[in-house]
Amino acid sequence: MTAETASSPIPSRPGPAANDQTREKAGGGACRPDSGGQAGLISLGIDIGGTKIEGVALDRDRRVLATCRLPSRQGSQAVHDDTVTVARRLMSLAEVGDRRDGITLGLGIPGRIDSLRGTVDDAVNLGIGHMDLGPSVSRTLGIPVQVENDVNIAALGAACQSHSSLVGSGERGRGGDDATLPQDMGEMPQTRSLPPEKERVVVFINLGTGLAAGIIRNGSIEHGASGAVGEIGHIPADFHDFPCKCGQTGCLETVASGSAVEAMWPGVPHPLPDMIDKARQGDAHAKESLAVIGHGIAMAVQIVALTVDPSLIILGGGMTKTGQPLLDLVDAELDKSARASHFIASLDLPARIRLAPPDLPIGAIGAALAGRKAGRLQV
Ligand SMILES: [Zn+2]
């Protein structure tokens, strides 16, 4: 399978690029169609974050029909109104007219989510204490709405990407099934074959301000009993015993997250790349800090590997914008564990790790796919 096949949401439909006539702007946002109108099923997905609201419209074959983005505003009413605005613009750009049949909407938002009821609690970055987000947006738009946690939709969006779009180091034969490998990589070592997408277990580790994981099993988000599944950031597993905002000490989040990096390397705009640069130049404090971060992320990888045993572990979130140097750091830590333990070596963890594609709205794409559940459509 390549990025051009219908099951991948990666390629935009062939069509005119956005131009002055089709581009809409509002409050710094931007919306554009990626093709002409579309008959049939339309899946809208909107990722509501602390700084921006990002939406996509997908067709039945998961191709991107339109994208739209607005800056976020605080409070339940503003979140409702902006979500409706983005959804309506996406429908307009996808030229669905007045019809509402076959149109679904998935929403991803931080906080505690009850995906059965469509409610959100404690979305602190958006100023929301409690909100009936799904029901209110569904009433306004007249389409079914599914609400999910933001990490879970990013997990779903990343898990459905074709293998060739996920970034691996290429050093250990990443890409067991359908990866399109560059010609110059020579003979690749054999790795285990991956099952088809629908049968895969994929874990997405979000290395953002905090640390959390989303689990996708057989193409669906795993919720657990209380929605806390994947909250690995609050496993108290690190011996430094740094205090965590959750009240415990030694949480993984205190050594494997953007906030951990900022706490160890304060006062610079891009602390992780800077820390890596300084470590390469021989700075002892940078080396020490980097070792703590690398060990923390590797520990997160080992925890999801040993509890869920996924075929793919995708690293995403703001920290992964660092790219290959981050992957190298994690690989080096995993190598250390593998050299010390035949058991860990047998898990072949570096071969399972990928970086999420940095330039795709995987949260919005995952939200669109999750939204199909609300309309009881094939994901
Ligand atoms: Zn904690």
Side-chain angles (χ1 to χ4, degrees), residues 48-51 108-115 119-130 148-155 158 203-216 221-267 271-272 275 288-310 313-322 326 329-330 333-334 337 349 353 356 363:
I48 305 166
T51 57
I109 187 165
R112 287 189 297 113
I113 310 303
D114 183 333
S115 59
T119 59
V120 184
D121 285 281
D122 303 325
V124 181
N125 291 343
L126 288 158
I128 295 174
H130 172 85
E148 297 284 355
N149 172 272
D150 60 339
V151 174
N152 284 340
I153 55 152
V203 172
F204 175 85
I205 298 179
N206 191 58
L207 298 164
T209 306
L211 170 68
I215 302 166
I216 305 301
I221 294 168
E222 197 154 289
H223 293 100
S226 68
V229 67
E231 291 288 355
I232 58 170
H234 300 291
I235 298 176
D238 184 68
F239 68 90
H240 294 89
D241 273 344
F242 297 134
C244 180
K245 65 182 183 200
C246 77
Q248 303 185 103
T249 59
C251 286
L252 266 187
E253 188 168 294
T254 65
V255 289
S257 66
S259 54
V261 174
E262 277 174 24
M264 287 181 208
W265 207 251
L272 185 57
M275 191 192 283
E288 200 179 311
S289 304
L290 200 56
V292 173
I293 298 291
H295 182 69
I297 299 173
M299 195 153 41
V301 167
Q302 278 190 220
I303 284 171
V304 301
L306 293 172
T307 51
V308 183
D309 195 20
I313 299 170
I314 303 175
L315 307 181
M319 274 179 86
T320 55
K321 290 188 179 133
T322 304
L326 176 73
L329 177 69
V330 178
E333 281 296 323
L334 291 171
S337 300
L349 295 179
I353 297 177

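Whatever order the structure lists ligands and atoms in, that order sets their numbers, starting from 1.
With sequence neighbours excluded, no residue satisfies ring pair (Phe, Tyr, Trp, His ring centres under 6.0 Å) with His130. Checked against side chain to side chain donor-acceptor pair (under 3.5 Å), Asp114 has the following partners two or more places apart in sequence or in another chain: Arg117.
Remark: side-chain polar atoms of Thr209 are not paired, donor with acceptor, to backbone N or O of Ser259 under 3.5 angstrom. A donor-acceptor pair under 3.5 Å is absent between the side-chain atoms of Glu253 and the main chain of Gly210, judged by distance alone.
The salt bridge (Lys or Arg N to Asp or Glu O under 4.0 Å) analysis of residues 289-303, with sequence neighbours excluded, yields no pairs.
Expressed to the nearest 0.5 Å, how far CG of Asn206 lies from OG1 of Thr320 amounts to 8.0 Å.
Protein atoms of type N, O or S found under 2.8 Å from the Zn ion (ligand 1) total 4.
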